[in-house]
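These notes concern the structure reproduced below.
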Amino acid sequence: MDRPHRTRSLLAALTAALLAVPGITVLSSAARAADADLARNGGFESGLDGWTCTAGTAVGSPVHSGAAALQATPAGSDNAQCAQTVTVQPDAQYTLSGYVRGAYVYLGASGTGTTDVSTWTQSAPDWQRLTTTFRTGPGTTKVTLYTHGWYGTGAYYADDISLTGPGAGTAQPPAAPTGLRTGTVTSSGVALSWSAVTGATGYAVYRDGVKVQTVSGTLATVGGLAAATAYSFQVTAVNDAGESARSATVTATTSAGSGGGGTSDLPAHALVGYLHATFANGSGYTRLADVPDSWDIIDLAFGEPTSATSGDIRFDRCPVTECPNVESDADFKAAVKAKQAAGKKVLISIGGANGQVQLTTTAARDTFVSSVSKIIDDYGLDGLDIDFEGHSLSLDADDTDFRNPKTPVIVNLISALKTLKARYGSGFVLTMAPETFFVQMGYQYYGTGQWGGQDPRCGAYLPVIHALRDDLTLLHVQDYNSGPIMGLDNQYHSMGGADFHIAMTDMLLTGFPVAGDAGNVFPPLRPDQIAIGMPASVNAGNGHVAPAEVTKALDCLTKKTNCGSYATHGTWPALRGLMTWSVNWDRFGNWEFQKNFDSYFG
């Protein structure tokens, strides 16, 4: 029974001996106490609490220790990532470790402010420890830990994940929010607002006791609700020290409605077209009332800023001197209502080739929100299309993580769009029309790159798309006026045939590692969120393909037939449809694009 006493005596003697040897230092207990395990629920003993997983669950077997572990199964285009964001100290050293089982299992950290790290194992039939280290940047206060598998490799397991290093100090969580109230209530969504809390960096929204959303401001719209159903809501305030207590509860009952919403009342396959509403060119002016019923979403081109950085968007309809057959404002507004009565959506498109929009300040952001809202309200529109081109979006040199953007023009645009979505509710239609350079090019390059020198616009739309993916109705990348782009087969694809559209669309539906970093994957979008952007005719833009090539692309993506040299990573019969530049040019071409769409989808 005296073995513990003898062991302590031996350790004391060894410690004294070590201290007596020059050049050898023994860490004091005080020094060791500065380090802590910052990972929350790293053993998954509390289920997935603290973790955000695309396809994970806590299981009781196998486990490395304790009573639970993570099981996550990659499927299709999902690599089954589980992640959590932790608060850290700037310019500090950390060790990330964990135990994994399975094939191609990854453990990593992103947003470090220096070099993001990851480690992996090709095959671990039994528990294997993975470990890596990193140092945070001088301004880094949060880091995201993650684990994921690889596509189609089966389930993997993880347990006892830890992040060891200096804790984040003794700051206190903020107070609970007050003033929670409901706003617009529809058949599928409830708008909420509350008073700001001092010291809060964000807020979490709870529906019936379950966290469903996080936001940066004091407005939120909870969507995806059932019609004629009662719900309860609470919010909490969040900062680096943690989460506040929950607010008082408010309740709301959704209306019976007819199932409207940003996407639910679109047809299964939609035709999207831009209508030249503010200018004329060789295609001629087309009145809104004369647009055929085949067009499900009509984007009014364009709302443009008074200056690149003002955020003040104006929609100046084409003057009679340029468009002799232009309709009056009253007839134009009547045509908007008639299209909506026929089940169509009419949006204002912001930007275009000549409309550079750079929301460099919060003042420009707020002006953008107010001026766009005025256009939408004046004309009774259904939503907004973002067609930022040229130099509207670019990334600062230190902005390397699409999941946590820092660049003001990116952050302010995201904030503005979220504010507009919250203002108008779940029925607000939000679409985007980026060029391939700003999206798919991100597979190879992101911003200025690790060593600098790259075009800072590379992949600059990715953080915007990612931040708005739950609010985004449609993404229709412009598969035209594009240089060669590398696909997921690591081959360059060029405009002019079905393969280009297949490869570019497959990237959006499969997801891809940004700048080739397997630990930094842009997740796939849903097929009902994707339409393929094509020119309506040879006059409309470079990259026009004949109707037969359009059909090949649709066959391959929705049926996996009629494919060419590019092998897709899935089959997506729910692909939403096609977008074209433009309605006017299609009319000029005797409606060839529209007729082919109608023939294909019936």
Partner of Thr505 under side chain to side chain contact (heavy atoms under 4.5 Å, CB included), chosen from Ile530, Thr568, Val477, Thr510: Ile530
Any donor-acceptor pair under 3.5 Å from Gln356 side chain to His391 backbone: yes
Residues in side-chain contact (heavy atoms from CB on, under 4.5 Å) contact with Ala109, at least two apart in sequence or another chain: Leu96, Thr112, Val117, Phe134, Val143, Leu145
Taking distance alone, no hydrogens or angles, what donor-acceptor pairs closer than 3.5 Å link side-chain atoms of residues 514-524 to residues at least two apart or in another chain?
from, atom 1, to, atom 2, distance (Å)
Asp517, OD1, Gly519, N, 2.9
Asn520, OD1, Arg403, NE, 3.3
Asn520, OD1, Arg403, NH2, 2.7

Lys418 bridged to Asp471 by N-O distance under 4.0 Å: yes
Ring geometry between Tyr99 and His64 (parallel below 30°, tilted from 30 to 60°, perpendicular above 60°): parallel
Phe428 and Leu384, any side-chain heavy atoms less than 4.5 Å apart: yes
Asp37 backbone acceptor or donor facing Ser162 side chain under 3.5 Å: no
Side chains of Val357 and Ile386 in contact at under 4.5 Å (non-hydrogen atoms): no
Sole residue of Tyr106, Tyr156, Trp120, Trp51 in ring-ring contact (aromatic ring centres under 6.0 Å, His included) with His148: Tyr106
Partners passing ring-ring contact (aromatic ring centres under 6.0 Å, His included) against His476 (at least two apart in sequence or in another chain): none
Inter- and intrachain pairs under salt bridge (charged side-chain N to carboxylate O under 4.0 Å, His left out), touching residues 110-127, at least two apart: Arg101-Asp126
Nearest heavy-atom neighbours spanning Gln89 and Tyr94: N-OH, 2.8 Å
Ala191 to Ala422 - nearest heavy-atom pair and separation: CB-O, 4.4 Å
Spacing of CD belonging to Gln358 relative to CZ belonging to Phe388, to within rounding of 0.5 Å: 9.5 Å
Criterion ring pair (Phe, Tyr, Trp, His ring centres under 6.0 Å) on Tyr151 and His569, from CA distance to verdict: CA-CA 10 Å; Tyr151 308 102; His569 293 75; 7.7 Å; no
For Cys458, disulfide (SG to SG under 2.5 Å) partners two or more places apart: none
Sidechain-backbone polar pair: Thr473 side chain, Val429 backbone, donor-acceptor under 3.5 Å: no
Electrostatic pair Glu435:Arg457 at N-O distance under 4.0 angstrom: no
For Thr153 against Pro74, the heavy-atom pair lying closest together: OG1-CG, 4.4 Å
Pairwise ring-ring contact (aromatic ring centres under 6.0 Å, His included) hits with a residue in residues 442-470, at least two apart: Phe402-His466
